[in-house]
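First comes the structure, then the notes that go with it.
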There are 2 protein chains.
Amino acid sequence: MTKDHKDDSLRIFSGYNLKRAFNAIQMDLNACLAQSGLRMITFSVLSIIDENPGIRQSGVAELLVIERPNMVVIIDELEQAMLIQRDRSEQDRRAYELRITDTGKTRLEQARQAVIQHEARMCKDIADSDIADMISTLRTIESNGLGRS
Amino acid sequence: MTKDHKDDSLRIFSGYNLKRAFNAIQMDLNACLAQSGLRMITFSVLSIIDENPGIRQSGVAELLVIERPNMVVIIDELEQAMLIQRDRSEQDRRAYELRITDTGKTRLEQARQAVIQHEARMCKDIADSDIADMISTLRTIESNGLGRS
DNA sequence: TATTGTTATACTCTATAACTATA
DNA sequence: TATAGTTATAGAGTATAACAATA
């Protein structure tokens, strides 16, 4: 006898629908990334390092909007798992240049396939063009939010 | 000289774009709700109680997917601010029936106007029909995530 | 003087187990 | 025995201040 309560007053807001959809994605994604020993955040950071060889910790932090102190433990975790390597920069000996290892590349590719399958599950019964339109709208929203930090 | 790093490998995923858009929304929304002394979660709970007079704490928790223990402090906060009242149920003396107060109604309406303005800011330069399409897609994604908890 | 990475710390959000009072 | 609300607590995730090494 679960009384059927309403949330119409919140459903009119895109933010409410965004949060609920993101919660659903997050739960499924974290479960499927766990098989690769990764979390959402470590998967993202590993992807960025793979795509930008030699990037610094502060570069990853800026790109993914993570505070530098919080970056440290993420990088530590990836390095201890031997998925990335930290090399002192020749030009600036304060900084590290981050690169993905061969082990990291294998693990990332495995995780990537899992994420692709996860996305297919979450986007079931939705046309590719509708997903593309949604992503376009989401990027405009993200862009509208910048410059107001 | 902020090197211009790439995140193309993540932009193909709807989840990544969803998270970034939600982060942008969350930051702006919390800032604009603070003027009403509310947060995202207390605004949502207050809206649900307004829309479902007499709803129980467990009903709100189920609807908004919040654990019951975490609900307690939220309800405490709203009651102490005199925005809602807790009445013992006549039929089941374990439960509370939650109702919004006149003060709560006024505060909610004020916050609602702020949220409407916030949504207009975040959705600037996006056609209403595109927002509606995005919400529809988001609801399908949310629905695809259910039944897999 | 500013910046990279670091440490310590704190605050929010979320999740679980166990209790109480009622049913 | 099961449920509504509660307490205590622990784990993420996130944010700020201050430091050492280097620029």
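Keep in mind the model is a prediction, meaning the values are calculated, not measured. Proteins get letters first, then strands, A, B, ... in listed order; numbering begins at 1 in each.
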- Query: Step by step, would you call L108(A) with I100(A) a side-chain contact (heavy atoms from CB on, under 4.5 Å)?
  - Reply: CA-CA 9 Å; L108(A) 177 59; I100(A) 194 166; 3.9 Å; yes
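Under the 4.0 Å criterion applied to side-chain N and carboxylate O atoms, E97(A) and R99(A) are assigned as salt-bridge partners. Contact check on D76(B) versus R86(B) returns a salt bridge, with a Lys/Arg side-chain nitrogen under 4.0 Å from an Asp/Glu carboxylate oxygen.
In this structure, a donor-acceptor pair under 3.5 Å is absent between the side chains of E77(B) and T42(B). A donor atom on one side chain and an acceptor atom on the other are not found under 3.5 Å apart for Q117(B) and Q113(B).
Residue contacts shown for R86(B) are limited to sugar-phosphate atoms, with no base heavy atom under 4.0 Å away.
Summarising the geometry, the separation between CD on Q57(B) and P on dA21(C) is reported as 16 Å, rounded to the nearest angstrom. Whole-Å rounding puts the F22(B) CZ to dT14(D) P distance at 11 Å. Between R88(B) atom CZ and dT20(C) atom P there is a gap of 15 Å when expressed in whole angstrom units. Atom CG of L64(A) and atom C1' of dG13(D) are 14 Å apart (whole Å). The nearest whole Å value for the distance from the CD atom in Q26(B) to the P atom in dG13(D) is 14 Å. In this structure, M71(A) places its CE atom 15 Å from C1' of dA15(D), rounding to the nearest Å. To the nearest angstrom, C1' of dT6(C) lies 16 Å from CZ of R56(A). Atom CE in M40(B) sits roughly 14 Å away from atom P in dT14(D) (whole-Å rounding).
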- Query: Can you give one letter per nucleotide of nucleotides 10-17 of chain C, 5' to 3': B if a protein heavy atom sits under 4.0 Å from the base, S if only from the sugar-phosphate, - if neither?
  - Reply: ---SBBBB
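Contact between the side-chain N/O atoms of S58(A) and the OP1/OP2 oxygens of dT3(C) is not found at any separation under 4.0 Å.
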Are any protein N/O atoms closer than 3.5 Å to N/O atoms in nucleotides 20-23 of chain D? If there are, list each pair with its distance.
| from | atom 1 | to | atom 2 | distance (Å) |
| --- | --- | --- | --- | --- |
| dT22(D) | O2 | R94(A) | NH1 | 3.4 |
| dA23(D) | OP1 | R93(A) | N | 2.8 |

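For the side chain to side chain donor-acceptor pair (under 3.5 Å) test with Y96(A), the passing option among R88(A), E79(A), Q57(A) is R88(A); the others fail.
Overall bending of the helix from dT1(C)-dA23(D) to dA23(C)-dT1(D), expressed as the angle between end axes built from five pairs apiece, is 10° (10° steps).
The side-chain heavy atoms of R20(A) and D7(A), taken from C-beta on, include a pair separated by under 4.5 Å. Residues D8(A) and E51(B) form a side-chain contact, since some pair of their non-hydrogen atoms from C-beta on lies under 4.5 Å apart.
For R93(A), the CZ atom sits in a loose shell: 12 or fewer heavy atoms of surrounding residues, nucleotides or ligands are nearer than 6.0 Å. Other residues, nucleotides and ligands contribute at most 12 non-hydrogen atoms within 6.0 Å of the CZ atom of R68(A).
Residues T101(B) and M82(B) share a closest heavy-atom pair of OG1-O, 2.7 Å.
If you check dT6(D), dT6(C), dT4(C) against the side chain of Y96(B), the one that comes closest is dT6(D).
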